[in-house]
Amino acid sequence: MRRRKDEEHEAKERMLEEEAKARKAREEEAAALEFEKWKGEFSVDEEGTTENEVQDGNQGLLTNFVDYIKKNKCVPLEDLAAEFKLRTQECINRINSLESMGRLSGVMDDRGKYIYISLEEMQAVADYIKRQGRVSISHLASKSNQFIDLEPKAQFVEEISSMEEISVS
């Protein structure tokens, strides 16, 4: 009698498992049909570009890239990537390669900004350190604001304001 109850219990469990598998198969089939139904509704109007495609299309991109950084002084990497239609990681790689070539000098901070520091500004910091002798990092950081100008260049500000006037008109 006990064995018969165990067999009946096992049979019920097997039936429940088979029902669950069948239900899962029906749900997956329904999801696949739903996907096929919606798949035709999607279309790709435009695609992004890679760094190589952008370089092929514009030979002066590197010069424009460097000039943009130099004019803005403090550039959020995401804005830089959007400006030149690149991925953020490609901008970081490009900045690193330009620094190794000596075309750019600056600091990339942990908040996703690149701060351009000109050779004259670096020389001013070096001269200050030579004059003072030993300097703590915190003291140097507070004095660096006097040597390093983080504001965009005046020429660039004028270009932006003239572009804004044109867009408003």
Side-chain angles (χ1 to χ4, degrees), residues 28 31-169:
E28 287 176 357
L33 289 173
E34 186 73 17
F35 173 74
E36 289 299 323
K37 176 182 160 186
W38 284 99
K39 189 168 95 172
E41 299 294 321
F42 293 107
S43 66
V44 178
D45 294 336
E46 290 185 30
E47 294 182 11
T49 57
T50 62
E51 180 180 6
N52 293 337
E53 292 171 352
V54 172
Q55 273 186 335
D56 292 342
N58 187 357
Q59 295 297 324
L61 181 65
L62 188 62
T63 306
N64 294 344
F65 189 82
V66 171
D67 289 343
Y68 184 84
I69 292 173
K70 286 182 178 181
K71 288 176 183 174
N72 280 321
K73 294 292 284 180
C74 185
V75 182
L77 295 173
E78 290 180 358
D79 293 351
L80 183 65
E83 177 74 23
F84 289 94
K85 297 180 177 90
L86 298 171
R87 294 182 186 100
T88 305
Q89 186 59 47
E90 291 171 347
C91 283
I92 293 169
N93 295 342
R94 181 171 285 181
I95 288 171
N96 289 335
S97 65
L98 287 168
E99 282 183 338
S100 66
M101 291 171 22
R103 302 262 326 255
L104 279 178
S105 56
V107 178
M108 200 169 306
D109 73 0
D110 57 344
R111 294 176 298 186
K113 291 183 181 179
Y114 182 77
I115 302 168
Y116 171 71
I117 302 173
S118 69
L119 295 176
E120 294 81 22
E121 292 168 334
M122 280 197 274
Q123 188 60 45
V125 172
D127 290 342
Y128 177 76
I129 293 172
K130 286 178 187 174
R131 279 194 317 269
Q132 293 295 321
R134 276 193 174 168
V135 180
S136 70
I137 292 177
S138 59
H139 181 71
L140 182 62
S142 66
K143 288 291 187 179
S144 291
N145 290 334
Q146 296 173 359
F147 305 121
I148 300 172
D149 180 25
L150 295 179
E151 295 298 317
K153 298 294 180 204
Q155 173 189 0
F156 187 70
V157 172
E158 291 172 8
E159 289 175 11
I160 290 175
S161 62
S162 66
M163 285 182 200
E164 288 175 353
E165 289 174 7
I166 292 170
S167 65
V168 171
S169 302

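The chain is numbered in sequence order, starting from 1.
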Working to the nearest 0.5 Å, report the span between [atom1] of [X] and [atom2] of [Y].
X      : Y      : atom1 : atom2 : value
Lys73  : Ser118 : NZ    : OG    : 5.0 Å
Gln123 : Lys130 : CD    : NZ    : 6.0 Å
Ile115 : Cys74  : CD1   : SG    : 4.5 Å
Leu77  : Arg111 : CG    : CZ    : 12.0 Å
Asn64  : Glu83  : CG    : CD    : 9.5 Å
Arg103 : Lys70  : CZ    : NZ    : 7.0 Å

Sort and list the pairs that fulfil ring pair (Phe, Tyr, Trp, His ring centres under 6.0 Å) and have at least one residue in residues 87-113, not counting sequence neighbours.
->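 Pairs touching residues 87-113 that pass the test: none.
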Counting heavy atoms not belonging to [X], are there more than 12 under 6.0 Å from its [atom1]?
X      : atom1 : value
Ile137 : CD1   : no
Arg131 : CZ    : yes
Glu78  : CD    : no

Of the options Leu80, Ile92, Val107, Leu104, which is the one that meets Tyr114 in a side-chain contact (heavy atoms from CB on, under 4.5 Å)?
->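 Of Leu80, Ile92, Val107, Leu104, side-chain contact (heavy atoms from CB on, under 4.5 Å) with Tyr114 is met by Leu104 alone.
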Quick one: closest heavy-atom pair of Ile129 and Val135, and the distance?
->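 Closest heavy-atom pair between Ile129 and Val135: CA-CG2, 4.4 Å.
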Of the non-hydrogen atoms in Phe84 and Phe65, which two are nearest, and what is the gap between them?
-> CZ-CA, 3.5 Å
Mind checking whether Val125 and Glu121 have side chains closer than 4.5 Å, heavy atoms only?
-> no
side-chain contact (heavy atoms from CB on, under 4.5 Å) between Ile95 and Ile69, worked out | CA-CA 10 Å; Ile95 288 171; Ile69 292 173; 4.0 Å; yes
